[in-house]
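These numbers were taken from a predicted model, which means no experiment stands behind them. Atoms considered below: every heavy atom in the structure, side chains included; atoms not considered: hydrogens, waters and symmetry mates.
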Amino acid sequence: MAVDLTPRQPKKTYGGEGSAYYEWSPADLPMLGVASIGAAKLSLAAGSLSLPSYSDSAKVAYVLQGTGTCGIVLPEATKEKVVGVKEGDALALPFGVVTWWHNAPDATTELIVLFLGDTSKGHKAGQFTNFQLTGANGIFTGFSTEFVGRAWDLTQDDAAKLVSSQPASGIVKLGAGQKLPAPSAEDRKGMALNCLEAPLDVDIKNGGRVVVLNTQNLPLVKEVGLGADLVRIDAHSMCSPGFSCDSAYQVTYIVRGSGRVQVVGTDGKRVLETHVEGGYLFIVPRFFVV
């Protein structure tokens, strides 16, 4: 299998004023297309808002840094959930969910969130396609003011104002006095799991620790279609060679630190040997040993 497995960093897709949305592309990381996996990262400066959007793929979100708020509208839900998030939080986002992300104006660090998901049923294999509800490229800008007005029982003037009053795209910086719904402890239940605080599934003294997302600790995982775990390896320790016994692709993002990785193919030949560090992502093909 002659596919380049070299770990890569993402490239900036859009953003401004200290915030950005980054993506890994199948053009740079071919295994994304082979495995139909999407990978992206959102970085929000203090006071910034990632506008409401939905995606063509189910995802797992992991908060790499900072604290903030995530608004979530599940398919067929009648009420939005507003969830406070912090470093170490994992959220399962089923297909069809609408989300927004906000970093508080008094935050001392960026809010950075990693997204991984299955794009096999998406618009483009190996890459997320996100649909903005608002902003310059929001889906409602393409409809006539008559249609928008009828949908929300508005006059055409009000409909025109609704559609055209948000000229920014993707990420905006909120002005002073603009407020968002406050997070609710009740809304967080079943929506987020903090992997840095959760009970350990594996705990090797002076070796490392593993937390596995499952339907018991994060019920919505069953609707996402992929598993996830957080692995922390201590100095002078290693994960023994192994492969995914359910024939799955293994997607690895290095949160922080650095180390070595080797991958061996089905013919027993080494196909990757490299040094990896925080911010890099790589994918191990099915049945390959890492």
Side-chain angles (χ1 to χ4, degrees), residues 10-23 38-57 59-75 77 79-94 96-117 128-142 148 152 158-188 191-192:
K11 292 182 178 178
K12 181 178 176 179
T13 304
Y14 61 84
E17 297 188 82
S19 299
Y21 182 81
Y22 302 87
E23 283 185 309
K41 189 161 64 171
L42 174 67
S43 177
L44 292 178
S48 294
L49 169 70
S50 175
L51 294 170
S53 66
Y54 64 94
S55 177
D56 62 350
S57 308
K59 303 174 184 176
V60 168
Y62 181 76
V63 180
L64 298 168
Q65 176 184 299
T67 60
T69 305
C70 176
I72 302 172
V73 180
L74 295 168
K79 182 179 179 295
E80 176 184 53
K81 292 182 180 291
V82 183
V83 180
V85 296
K86 62 181 180 179
E87 180 179 345
D89 277 352
L91 296 88
L93 304 174
V97 68
V98 174
T99 60
W100 54 262
W101 300 81
H102 177 242
N103 193 9
D106 58 351
T108 57
T109 184
E110 296 173 326
L111 173 64
I112 303 178
V113 186
L114 174 73
F115 300 97
L116 299 173
F128 296 132
T129 301
N130 298 318
F131 301 88
Q132 305 292 329
L133 296 190
T134 59
N137 58 348
I139 57 174
F140 297 113
T141 60
V148 174
W152 280 282
D158 287 340
K161 182 179 179 181
L162 174 69
V163 171
S164 63
S165 63
Q166 299 170 334
S169 178
I171 300 173
V172 299
K173 191 100 167 183
L174 295 185
Q178 290 183 294
K179 296 187 180 297
L180 291 171
S184 161
E186 186 65 28
D187 286 351
R188 183 179 166 88
M191 295 300 302

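- Judged as a salt bridge (charged side-chain N to carboxylate O under 4.0 Å, His left out), and not counting sequence neighbours, Lys161 has no contacts.
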Side-chain donor-acceptor distances from residues 44-54 under 3.5 Å, at least two apart:
unit_1 : atom_1 : unit_2 : atom_2 : d
Ser48  : OG     : Ser19  : OG     : 3.0
Ser48  : OG     : Ala45  : O      : 3.3

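- Using a distance-only test at 3.5 Å, with no hydrogens or angles considered, no donor-acceptor pair links the side chain of Asn103 to the main chain of Gly68.
- Relative ring orientation between Tyr21 and Tyr14 is described as parallel, the plane-to-plane angle staying below 30° on a 0-90° scale split at 30° and 60°.
- A distance of 11.5 Å separates CG of Leu93 from CG of Leu116, quoted to the nearest 0.5 Å.
- Gln132 contributes no side-chain N or O that, together with a main-chain N or O of Ile139, makes up a donor-acceptor pair within less than 3.5 Å.
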Quiz item: Going through the checks in order, is the side chain to side chain contact (heavy atoms under 4.5 Å, CB included) test met by Leu42 and Leu114?
Solution: CA-CA 7 Å; Leu42 174 67; Leu114 174 73; over 6 Å; no
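- Residues Pro183 and Val83 share a closest heavy-atom pair of CB-C, 3.9 Å.
- One distance of note links OG1 of Thr141 with CG of Leu133; it measures 11.0 Å at 0.5 Å rounding.
- A pairwise comparison of heavy atoms in Gly66 and Thr109 identifies CA-CG2, 3.7 Å as the closest pair.
- Between Phe115 and Tyr22 there is no side-chain heavy-atom pair separated by less than 4.5 Å.
- Residues meeting the side chain to side chain donor-acceptor pair (under 3.5 Å) test with Glu87, sequence neighbours left out: Arg256.
- The line from NE2 of His102 to CG of Leu111 is 9.5 Å long, rounded to the nearest 0.5 Å.
- Annotation: side chain to side chain donor-acceptor pair (under 3.5 Å) contacts of Lys12 (sequence neighbours excluded): none.
- Nearest approach of Val148 to Ala159, heavy atoms of both residues: CG1-CB, 4.0 Å.
- Between the CH2 atom of Trp100 and the CG atom of Leu180 there is a distance of 5.0 Å, given to the nearest 0.5 Å.
- Between Gly18 and Glu110 the shortest heavy-atom distance is O-OE2, 3.6 Å.
- Within the structure, side-chain hydrogen bond (donor to acceptor under 3.5 Å, both in side chains) pairs that include any residue of residues 175-188 comprise Asp89-Arg188, Glu186-Lys189 (at least two apart or interchain).
- The two residues Leu74 and Pro94 come nearest to each other via the heavy atoms CD2-CD, 4.1 Å.
- Here the straight-line distance linking atom CE of Met191 with atom NZ of Lys81 works out to 6.5 Å at 0.5 Å rounding.
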Exercise. Check the pair Thr67, Val85 against side chain to side chain contact (heavy atoms under 4.5 Å, CB included), reporting the backbone distance first and the verdict last.
Key: CA-CA 6 Å; Thr67 60; Val85 296; over 6 Å; no
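- Taken from CZ in Phe128 to CG in Asp56, the straight-line distance is 8.0 Å, to the nearest 0.5 Å.
- Contact of the Pro10 side chain with the Lys41 side chain is registered, since non-hydrogen atoms from C-beta on lie closer than 4.5 Å.
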Exercise. Apply side chain to side chain contact (heavy atoms under 4.5 Å, CB included) to Trp101 and Thr69, showing your working.
Key: CA-CA 6 Å; Trp101 300 81; Thr69 305; over 6 Å; no
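- In terms of the salt bridge (charged side-chain N to carboxylate O under 4.0 Å, His left out) criterion, Glu80 has no residue partners (sequence neighbours excluded).
- Heavy-atom minimum distance, Ser169 versus Asn137: OG-OD1, 3.2 Å.
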